[in-house]
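Proteins come first, then strands; the chains are lettered A, B, ... in the order of their sequence lines, and each starts at number 1.
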Number of protein chains: 2
Amino acid sequence: MEQTLKLEHQICFQLYTASKELTRLYRPILEPLNLTYSQYLVMLVLWEEDGIDLRQLGTRLTLDSGTLSPLVKRLIQIGYVEKSRSSDDERKVVVRLTDRGSALREQAMDVPLQVSGMLNIDEATYVAYMEMLTDIKTRLHDFGERQREQ
Amino acid sequence: MEQTLKLEHQICFQLYTASKELTRLYRPILEPLNLTYSQYLVMLVLWEEDGIDLRQLGTRLTLDSGTLSPLVKRLIQIGYVEKSRSSDDERKVVVRLTDRGSALREQAMDVPLQVSGMLNIDEATYVAYMEMLTDIKTRLHDFGERQREQ
DNA sequence: ATAATTTAAATTGTGCACAACTTAATTGTT
DNA sequence: AACAATTAAGTTGTGCACAATTTAAATTAT
């Protein structure tokens with residue numbers, strides 16, 4: 001393993017800039033939907049699984065309440081979601097799509113196509129890259145497990 | 001190209017979480033150096049190229065003055081760097097390592113080794129992943145070029 | 001040479017991201 | 001049943017990240 005302090009040789013830096021630049025690509029696409037990138041991720045979860053509670057939402061997105069509480073508050077202000085306490089467990093806050101929030105899904109349907117068009121990437125490469133990224137996360141989780149064990 | 005709105009199928013989401021989780025891995029490693037992840041990236045650049053100006057620093061890290069100005073101010077407070085106006089162009093601010101900042105390099109030398117150990121990754125895989133990430137960035141830049149052309 | 005344009009930093013404002021803490025509800029234990 | 005421990009959200013504080021604006025210096029054009 002090459003060990004230097006050169007910026008370009010560090011995988012963390014490449015991940016960090018690739019993520020930032022890809023997010024930048026989304027900005028103009030999401031602007032007409034009136035969503036930031038993080039808000040878009042929350043909407044993706046809700047379109048899949050409406051009526052999820054904040055805790056589960058945070059687990060899916062790797063975000064804690066310190067990030068999600070104010071973010072959801074903004075989505076409420078826009079009018080895409082509403083929240084209420086769960087009846088069977090008063091600690092839990094359930095997030096639900098409003099009609100406008102559900103309707104937005106139609107508009108968002110072609111976002112992935114737009115993005116892959118911009119990236120100009122073929123299916124096989126796309127799949128290979130997805131596997132690499134999930135593998136990196138697996139390695140990170142494995143390390144977390146090993147740490148927790150002892 | 002599979003086109004769904006499923007969170008896990010979106011490359012942006014995988015990049016975003018992989019980047020966040022890898023950064024989380026760095027936190028405890030960088031804590032004894034008294035650096036955040038972004039501050040660490042700035043120090044990496046300076047250890048390579050001391051006396052760089054803010055503009056070039058921003059180009060290397062894809063960060064603008066709105067991020068870098070306060071970040072460098074914090075590095076000055078810690079005592080790792082100092083800044084001064086360039087003599088030949090008074091607009092430019094040059095950032096230089098202090099003795100403490102230079103000395104920190106020794107301590108940082110084994111950070112990459114610690115990280116790759118935690119990731120438990122072999123050289124060939126590491127190289128493949130780096131190539132994937134630079135390819136993603138190339139595709140992003142290529143799109144930027146195409147946009148600018150017309 | 002002067003005016004217009006461009007460039008470099010800094011500042012302001014918004015929105016994440018996360019650690020640390022608080023509050024309230026639920027679950028477990030004795 | 002009463003108390004302790006755990007869990008879910010929310011709040012506070014710090015530090016990015018970036019758009020938009022401001023200020024000052026340097027270039028370019030006329």
Side-chain angles (χ1 to χ4, degrees), chain A residues 12-13 15-28 30-31 34-43 52-78 81-95, chain B residues 12-13 15-28 30-31 34-43 52-78 81-95:
Chain A
C12 63
F13 173 67
L15 254 181
Y16 160 83
T17 46
S19 174
K20 270 202 317 176
E21 290 175 31
L22 188 52
T23 305
R24 194 194 330 275
L25 191 70
Y26 274 80
R27 247 187 291 278
L30 296 178
E31 212 246 280
N34 201 20
L35 290 174
T36 66
Y37 179 71
S38 303
Q39 291 166 2
Y40 171 67
L41 294 182
V42 169
M43 295 302 285
I52 199 177
D53 65 74
L54 265 190
R55 179 84 188 77
Q56 288 175 279
L57 197 53
T59 305
R60 286 289 293 280
L61 300 172
T62 343
L63 290 173
D64 71 357
S65 63
T67 304
L68 279 178
S69 290
L71 194 159
V72 167
K73 194 180 285 182
R74 270 170 230 120
L75 286 176
I76 293 171
Q77 283 165 359
I78 303 173
V81 307
E82 54 195 14
K83 69 180 183 180
S84 58
R85 290 277 163 182
S86 167
S87 50
D88 54 295
D89 187 339
E90 285 287 332
R91 288 171 305 181
K92 291 182 181 171
V93 164
V94 172
V95 185
Chain B
C12 64
F13 173 68
L15 254 181
Y16 161 82
T17 45
S19 173
K20 271 202 314 176
E21 292 175 31
L22 189 52
T23 305
R24 195 193 329 277
L25 192 69
Y26 274 79
R27 248 187 291 278
L30 296 178
E31 212 246 279
N34 201 21
L35 290 175
T36 66
Y37 179 70
S38 302
Q39 289 166 1
Y40 171 67
L41 294 181
V42 169
M43 294 302 286
I52 198 175
D53 64 76
L54 264 190
R55 177 86 188 80
Q56 288 176 278
L57 198 52
T59 304
R60 286 288 294 279
L61 300 172
T62 342
L63 291 173
D64 71 358
S65 64
T67 304
L68 278 179
S69 289
L71 195 159
V72 167
K73 194 180 286 182
R74 272 171 228 118
L75 286 176
I76 293 171
Q77 282 163 359
I78 303 173
V81 308
E82 54 195 13
K83 68 178 183 182
S84 57
R85 290 277 164 181
S86 167
S87 51
D88 54 297
D89 188 339
E90 284 288 330
R91 291 172 305 182
K92 291 184 182 171
V93 163
V94 171
V95 185

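Take the nearest nucleotide of DNA chain D for A:Val94 and for A:Arg27: the residue whose nucleotide is more 5' is A:Val94. Closest-nucleotide positions on DNA chain C for A:Asp64 and A:Ser87 were compared, and the one nearer the 5' end corresponds to A:Asp64.
Nucleic acid contact for A:Thr36: sugar-phosphate only, since backbone atoms but no base atoms lie under 4.0 Å from a heavy atom of the residue. Nucleic acid contact class of B:Leu63 (heavy atoms, under 4.0 Å, all strands): sugar-phosphate only. At the heavy-atom level, B:Leu71 lies under 4.0 Å from the strands shown only through sugar-phosphate atoms. At the heavy-atom level, A:Thr62 lies under 4.0 Å from the strands shown only through sugar-phosphate atoms. Using a 4.0 Å heavy-atom distance criterion, B:Ser65 is classed as a base contact. Within the nucleic acid shown, A:Thr67 comes within 4.0 Å of at least one base atom, counting heavy atoms only.
Rounded to whole Å, the distance from CG on A:Asp89 to P on D:dT6 is 17 Å.
In this structure, the side chains of A:Leu54 and A:Ser69 come closer than 4.5 Å at one or more pairs of heavy atoms. Within the 4.5 Å cutoff, no side-chain heavy atoms of A:Thr36 are placed close to those of A:Arg74. Side-chain contact check for B:Asp53 versus B:Ser86: every heavy-atom pair is 4.5 Å or farther apart.
Of all nucleotides in DNA chain C having an atom under 4.0 Å from a heavy atom of chain A, the first and last in 5' to 3' order are C:dG15 to C:dT26.
Note: A:Lys92 NZ to A:Ser84 OG = 13.0 Å, rounded to the nearest 0.5 Å.
Applying the salt bridge (Lys or Arg N to Asp or Glu O under 4.0 Å) test to every pair with at least one member in residues 55-72 of chain B, sequence neighbours left out, gives these pairs: A:Glu8-B:Arg60, B:Glu48-B:Arg60, B:Glu49-B:Arg60.
Taking the six-membered ring where the residue is Trp, B:Tyr40 and B:Tyr26 present tilted rings, their angle falling between 30° and 60°.
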